[in-house]
Amino acid sequence: MARKKIALVGAGMIGGTLAHLAAKKEMGDVVLFDIAEGLPQGKALDLSQCGPIEGFDAKITGTNDYADLAGSDVVIVTAGSPRKPGMSRDDLLGINLKVMKAVGEGIKNNCPDAFVICITNPLDAMVWALREFSGLPHNKVVGMAGVLDSARFATFLAWEFGVSVKDVNAFVLGGHGDTMVPVLSYSTISGIPVGDLAKIKGVDAARLDEIVARTRSGGGEIVGLLKTGSAYYAPATSAIAMAEAYLGDQKRILPCAAHVDGKYGVNGLYVGVPAVIGANGIEDVVEIELSDEEAKNLKVSVDAVEELLVACKNIDPSLA
Ligand code: APR
C-alpha cells in the first residue's frame with residue numbers, strides 16, 4: 001500500500017513543527033509548501049536529517065509549487081500573516097482572505113480528495129473562506145481550535161487540582177477567540193465532574209472563573225511572553241491529533257470548528273462543536289445539552305463569527 005501523503009501549506013513555525021511531528025510518528029510522507037522561496041526546502045532538508053537520529057522513515061520535501069500537493073491525503077493550512085502592530089482586524093482579514101483564496105484554489109486543482117485542516121487565524125472565518133474557495137465538501141474541511149483551547153483548559157485545571165493532565169477531559173465550544181465557551185459542566189477529572197471535585201477540594205467558583213478567563217486568553221498570554229510570534233507547539237500537536245483521527249478512521253469526538261447547519265441553532269457556519277472525525281472526515285456533529293448561560297455564551301460566540309463573515313463578504317464580494 002502506498003504511503004499516506006501529508007501536505008503542510010505554510011512552512012513557518014507551526015508548519016515546521018507539524019512536519020517534525022508527522023515524520024516522527026511516520027504518518028506518511030510530508031510535503032512542506034510556502035510562498036517564501038527556500039524556506040520549505042531548507043526546513044525539509046533539516047528535518048530529513050533528524051530521520052537517522054530519531055529513526056523515522058518519512059520522505060520530507062519542500063516546494064513552492066502547488067502541483068506538488070497532488071495526491072495528498074491530508075492538507076494542514078497555516079499559511080498567512082500574523083497581525084502586526086498598527087494593523088486592524090479587518091486589514092488582517094483582507095490579507096489572510098487572499099491567502100485562503102490562493103490555497104483553496106491550489107487544493108481544488110491538485111488534491112480535491114484531501115481532508116483539510118485549517119489553522120490560520122481568524123480561524124472560524126478562514127476555515128469558512130477556505131471551504132468556499134476550495135469547493136470541497138463541508139465534511140472534508142475543518143478548523144483546528146477546540147482541541148487546542150480544550151488542551152489549555154485541561155492544563156490549567158490539572159495544575160489547579162494537582163492531578164495528572166492525563167485524567168482531565170476538558171471541553172471548549174464556540175469560536176476561537178475571546179468569546180470561546182469553556183464548558184465546565186462537561187469537563188471531568190477521571191470521570192468526576194469538575195464542579196464536584198472543586199467542592200471536595202475547596203476550589204471556589206471565582207477561582208474556576210479565573211481558569212475559564214485564562215483559557216479564553218490562552219493564545220494572547222503566549223504572544224505576550226514570546227513577543228514575536230504566537231504559539232506553535234500545542235497548535236501543531238492539536239492538528240496532528242485531528243489528522244490521525246482521520247487517517248486511522250478513529251471516530252474520535254474532538255472539539256473543532258466544523259460546519260454546523262441546523263444543530264445548536266446555527267445555520268451554515270463554521271463554529272467550535274464536538275465532532276466525530278473518521279475516514280469520511282467530519283462524520284457527525286454532536287449536539288449536547290447546554291445550560292441557559294452556556295447557550296447564551298455560545299450565541300455571543302456565534303454572533304461574533306457571523307460578524308467576521310459579513311466583513312469577509314464585504315472585502316471579497318465573490319464570497320457573498
Ligand atoms: N501561501 C503559502 N504560504 C504563505 C502565504 C501564501 N499565500 N502567505 C504567507 N505564507 C507563509 C509565510 O511565508 C510563513 O512561512 O505562511 C507562513 C506562516 O508562518 P508563521 O508566520 O511562522 O506563522 P505560524 O506561527 O506558523 O502561524 C500560522 O496559524 O495560529 C495561526 O495566527 C496564526 O494565522 C497564523 C497561522
Side-chain angles (χ1 to χ4, degrees), residues 7-22 30-44 46-47 62-69 72 75-85 87 89 91-111 116-130 133-134 142-149 151-152 175-178 180 217-240 242 256-257 270 272 308 312 316:
L8 307 172
V9 180
M13 298 308 290
I14 301 179
T17 311
L18 284 167
H20 195 183
L21 287 170
V30 176
V31 177
L32 272 162
F33 172 96
D34 204 287
I35 41 160
E37 282 178 25
L39 178 70
Q41 292 85 351
K43 287 205 179 181
D46 187 8
L47 285 164
T63 184
N64 307 110
D65 184 353
Y66 273 113
D68 291 324
L69 265 56
S72 295
V75 180
I76 307 179
V77 179
T78 59
S81 281
R83 190 161 159 183
K84 301 199 178 87
M87 202 188 258
R89 202 172 66 161
D91 292 340
L92 177 71
L93 206 61
I95 292 169
N96 283 350
L97 208 51
K98 277 205 190 103
V99 176
M100 290 306 107
K101 186 166 191 172
V103 176
E105 284 167 4
I107 292 171
K108 176 161 59 178
N109 295 332
N110 295 287
C111 49
V116 178
I117 303 170
C118 180
I119 304 185
T120 303
N121 276 321
L123 192 267
D124 306 278
M126 291 303 108
V127 63
W128 171 82
L130 186 62
F133 289 130
S134 68
V142 66
M144 188 295 295
V147 175
L148 172 63
D149 296 329
R152 287 179 173 150
H176 183 50
D178 308 337
M180 74 177 76
S217 55
E221 184 178 357
I222 292 173
V223 170
L225 290 165
L226 294 180
K227 296 189 179 68
T228 53
S230 47
Y232 50 97
Y233 293 116
T237 307
S238 304
I240 289 289
M242 293 166 69
C256 37
Y270 272 88
L308 276 181
C312 287
D316 185 339

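One-based numbering, in listed order, for ligands and for the atoms of each. Remember, predicted model here, so these are calculated numbers, not experimental data.
- Near Phe33, with a cut-off below 4.0 Å to any heavy atom, the atoms of ligand 1 are 2 (C).
- A distance of 4.5 Å separates CD1 of Ile76 from CD1 of Ile117, quoted to the nearest 0.5 Å.
- Taking any N or O of Tyr232, backbone or side chain, none lies under 3.5 Å from an N or O belonging to ligand 1.
- Residue-level proximity to ligand 1 for Ala79 is carried by backbone and side chain together, each with a heavy atom below 4.0 angstrom.
- Put simply, the side chain of Val116 does not reach to within 4.5 Å of the side chain of Ser134, judged on heavy atoms.
- With respect to Gln41, the side chain to side chain donor-acceptor pair (under 3.5 Å) criterion is satisfied by exactly one of Asp46, Asp34, Asn64: Asn64.
- Counting heavy atoms from C-beta outward, Val103 and Tyr66 have side chains that approach closer than 4.5 Å.
- Close approach to Thr78 involves these atoms of ligand 1, each under 4.0 Å from a residue heavy atom: 18 (C), 28 (C), 36 (C).
- Remark: among candidates Ala145, Ala231, Pro82, the nearest residue to atom 21 (O) of ligand 1 is Pro82, based on non-hydrogen atoms.
- The distance from ligand 1 to the heavy atoms of Thr120 drops below 4.0 Å at these ligand atoms: 34 (O).
- For atom 16 (O) of ligand 1, the nearest non-hydrogen atom from the set Pro235, Gly12, Gly80, Gly15 comes from Gly80.
- Remark: among candidates Met13, Lys101, Lys98, Met126, the nearest residue to atom 23 (O) of ligand 1 is Met13, based on non-hydrogen atoms.
- Counting only heavy atoms of the protein, atom 8 (N) of ligand 1 lies nearest to Ile35 CD1, 3.5 Å.
- In summary, the atoms of ligand 1 found under 4.0 Å from a heavy atom of Leu39, numbered by their order in the structure, are 15 (O).
- Looking only at heavy atoms of the protein, atom 7 (N) of ligand 1 is closest to Val99 CG1, 3.5 Å.
- Selection from Leu32, Leu18, Leu123, Asp34 by nearest heavy atom to atom 14 (C) of ligand 1 gives Asp34.
- The distance from atom NZ of Lys43 to atom CG of Leu32, rounded to the nearest 0.5 Å, is 8.0 Å.
- If you check which protein heavy atom lies closest to atom 32 (O) of ligand 1, you get Asn121 ND2, 2.9 Å.
- From the protein, the heavy atom lying nearest to atom 26 (O) of ligand 1 is Ile14 N, 2.8 Å.
- Considering all non-hydrogen atoms of both residues, Met100 and Cys118 come closest at SD-SG, 4.3 Å.
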For a side-chain contact (heavy atoms from CB on, under 4.5 Å) check, start with the C-alpha distance between Asp316 and Phe133, then their side-chain angles and the critical distance, and finish with the verdict. CA-CA 11 Å; Asp316 185 339; Phe133 289 130; 3.5 Å; yes
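- Residues Asn96 and Ser81 form a side-chain contact, since some pair of their non-hydrogen atoms from C-beta on lies under 4.5 Å apart.
- Of the possible donor and acceptor atoms, one in the side chain of Thr120 sits under 3.5 Å from a partner among the backbone N and O of Ala79.
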